[in-house]
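Have a look at the structure below, then the notes.
Scope of the values below: all heavy atoms of this structure, side chains included, with no hydrogens, waters or symmetry mates.
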Amino acid sequence: MITSVLVANRGEIACRVFRTCHELGIRTVAVHSDADENALHARVADAAVRLPGAAPSETYLRGDLIVKAALSAGADAVHPGYGFLSENADFARAVLDAGLVWIGPPPEAIEAMASKTRAKKLMGIETLSEVTADDLPVLVKAAAGGGGRGMRVVRELAQLDAELTAARAEALGAFGDGEVFVEPYVEGGRHVEVQILADTHGTVWALGTRDCSLQRRHQKVIEEAPAPGLGDLTQTLYDLSVRAARAVDYVGAGTVEFLVADGRAHFLEMNTRLQVEHPVTEAVFGIDLVALQIQVAEGAALENDPPRARGHAVEARLYAEDPAGAWAPQTGTLHRLAVPDGIRLDTGYTDGDPIGIHYDPMLAKAVAHALTRAEALRRLSGALERATIHGPVTNRDLLVRSLRHEEFTTARMDTGFYERHLADLTNLGTGDPHAPLAAALADAYGRSRFGGWRNLPSQPQAKRYLMAGTEHEVHYRHTREGLTADGVRVVHADAGLVVLEVGGVRRKFEIARYDDQVFVNATALTALPRFPDPAAERAPGSLLAPMPGTVVRVSEGLAVGAAVRAGEPLLWLEAMKMEHKISAPASGTLTALHATPGQQVEVGTLLAVVQHNAPL
């Protein structure tokens, strides 16, 4: 029997595995980087071992250090989670060689399927060795790992070499393996997968389908189970998935992924690990996949047939990112995160935790289960809309709008959903018109109690806020009867709650303030000073870092005085495990270049200046 489990991972998945272990009475061990010293997963584990450094290559990708940590902490088993070393056969062997139990598939199965190129050959599928214009569009893809890292869609042959180079660099940094390959890019398809679970006694379960078509940067955003509208294709997907598992003598939990287009299933890969979206399968089948993983690792036999599915489940990934700003990841303090009752929330954060630059920007996964798909969508979208999320910019509004979009509610979505609809989904308008007034009245509450009202008529007070990119100025007045505002009746106002009557309807506004950041219900505002700081202005054409991160490379030959074209890539930042391209805003001359490879930058750091149409 397993008595102590080390999770070779961090964040949400580590916390999720620990939760099941604690329910089973199993002792838990965390590993953490220096950046994660006070992270939730390190705090909730029974023991934690430091991995010196911050970069994944120094910490969570160091299998030797993790095995040593397991032995020193007295663990007798290792769970890899997902990402990092979860599909690394050498790491699995090292765990087994150390006399520890590996809660995962045999190293030989990982080796056969962890490389997407080998997996395709096993399934009789060839990749493209040479690419011509007739092959376009194509997909450049990392052979190892997942999560959309090391993936690039190429539509012009002239871009292929550059995208291959970028994909190799990203894959090497994320997975320690720079191998990439090229395959045809199927447009208009749905991303559908099958959850499998196999034991050491020859039983293989196909635990339903999942649709994961809503993706950004080839990384999933919304997933559901079962995948809607597959009809007779469902059994074909089951058969192919079981065949793939049996071909490599698979043991444990895994996922077989397909692209479904024109009624046909195209094999993509087999992920030899637990998936981020596993909770929707758990909800539909009423099981705990982590508990089953542990039981299989202990040698237990599965029942001949899997449990029956019931209802529908949907999961949305909440990211600290700005969908309207090229999905740029956001950092800062997560002041508050809470969802209504009845929604499963898997997260690696608690209130007050910092969101740093080193790892994936996913804050949490919210999961709703109901008897029908329509009910599950309504439940999840409503819960996200009412959720309390105070901190950096997130994709919450995008998730709510996506879940309610007609193309999604009618199950007509495909992997190009966000390419078609992102502009509309991120056009949030000017925000709640009464939110700035509510914020100002809450701010004035303290002053109104201590001498804000005078016997003589007072001048209206003014406050300025930035909301949805637009500046708003509101006015209010202290009177004998309390705070008043033109056209709106103030029913109640204190520091945390404002009630306004507008057109005969009372509305409640819950207020939370963190320095200059104010949250009014779900609306975020920034309190602006009375007089703007002239030092904050920058020269036209200034390129500022949109996020904190590391400059990974500068365009070859780029130097001050060079002529650049609008949209031309100048440099690349790496933040939260993704590369972000910084391009010239207009054609002109590069008049300043402050970025160098390896440089750490903060938000707003001046990277370069392009003078528009400057003389050469």
Side-chain angles (χ1 to χ4, degrees), residues 10 33-37 51-62 142 149-150 152 162-176 178 217 319-322 325-333 354-361 392-393 535-586 588-612 614:
R10 63 174 301 279
S33 66
D34 289 338
D36 276 341
E37 182 177 10
L51 304 175
S57 59
E58 300 172 328
T59 54
Y60 299 109
L61 289 172
R62 284 288 302 273
R149 299 175 185 89
R152 304 285 193 281
E163 297 293 10
L164 284 167
T165 298
R168 288 189 187 104
E170 189 175 4
L172 184 63
F175 314 121
R217 290 182 167 179
Y319 287 101
E321 66 183 12
D322 182 6
W327 309 101
Q330 307 292 300
T331 59
T333 300
I355 302 165
I357 67 171
H358 299 288
Y359 311 112
D360 189 277
V393 172
E537 296 184 5
R538 292 281 189 181
S542 294
L543 292 176
L544 308 181
M547 68 209 73
T550 304
V551 178
V552 290
R553 64 184 188 282
V554 175
S555 184
E556 187 175 356
L558 187 67
V560 172
V564 297
R565 300 183 308 277
E568 177 182 345
L570 304 182
L571 56 100
W572 288 260
L573 290 180
E574 184 181 88
M576 295 182 172
K577 300 171 74 174
M578 298 290 284
E579 279 195 3
H580 304 270
K581 183 167 54 179
I582 308 298
S583 302
T589 299
L590 186 73
T591 59
L593 179 62
H594 301 290
T596 56
Q599 177 186 357
Q600 298 282 329
V601 298
E602 297 298 325
V603 174
T605 299
L606 181 63
L607 303 173
V609 179
V610 175
Q611 186 173 342
H612 179 52

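- Contact between L606 and S542 at its shortest, heavy atoms only, is CD1-CB, 3.6 Å.
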Assess whether side chain to side chain contact (heavy atoms under 4.5 Å, CB included) is satisfied between Y60 and R10, documenting all intermediate values.
CA-CA 8 Å; Y60 299 109; R10 63 174 301 279; 3.7 Å; yes

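- The number of heavy-atom neighbours closer than 6.0 Å to CD of E602, taken from other residues, nucleotides and ligands shown, is 12 or below.
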Before you tell me yes or no, could you show the steps for V601 and L607 under side chain to side chain contact (heavy atoms under 4.5 Å, CB included), namely the whole-Å CA-CA distance, both residues' side-chain angles and the distance that decides it to 0.1 Å?
CA-CA 9 Å; V601 298; L607 303 173; 4.0 Å; yes

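- Shown here for P585 and L543, the closest heavy-atom pair between the two residues is CD-CD2, 3.6 Å.
- Closest approach of L593 to V560, counting heavy atoms only: N-CG2, 3.8 Å.
- Checking side-chain atoms of D34 against main-chain N and O of G53 turns up a donor-acceptor pair under 3.5 Å.
- Counting all heavy atoms, side chain and backbone alike, Q330 lies closest to A328 at NE2-O, 2.9 Å.
- Y319 places no side-chain N or O within donor-acceptor distance of the main-chain N or O of P329, the cut-off being under 3.5 Å.
- S555 contributes atom OG, which lies 13.0 Å from atom CD1 of I582 (distance to the nearest 0.5 angstrom).
- Taking CD of E321 as the reference point, atom OG1 of T331 lies at 13.5 Å (rounded to 0.5 Å).
- When every heavy atom of E568 is checked against every heavy atom of A563, the shortest pair comes out as OE1-O, 4.4 Å.
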Step by step, work out the side chain to side chain contact (heavy atoms under 4.5 Å, CB included) result for E170 and R152.
CA-CA 11 Å; E170 189 175 4; R152 304 285 193 281; 2.7 Å; yes

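- Contact check for H612 versus T589: no side-chain heavy atoms found under the 4.5 Å cut-off.
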Between L558 and L570, is a side chain to side chain contact (heavy atoms under 4.5 Å, CB included) present by the stated rule, with each step listed?
CA-CA 7 Å; L558 187 67; L570 304 182; 4.0 Å; yes

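- Contact check for Y359 versus P56: side-chain heavy atoms found under the 4.5 Å cut-off.
- Judged by distance alone, the side chain of T59 and the main-chain N or O of A55 form a donor-acceptor pair under 3.5 Å.
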Decide yes or no on side chain to side chain donor-acceptor pair (under 3.5 Å) for Q611 and T591, but give the supporting numbers first.
CA-CA 6 Å; Q611 186 173 342; T591 59; 4.7 Å; no

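- When atom types are taken as modelled, the side chain of S33 and the backbone of D36 share a donor-acceptor pair closer than 3.5 angstrom.
- Scanning both residues, G604 and L544, for their nearest heavy atoms gives O-CD2, 3.7 Å.
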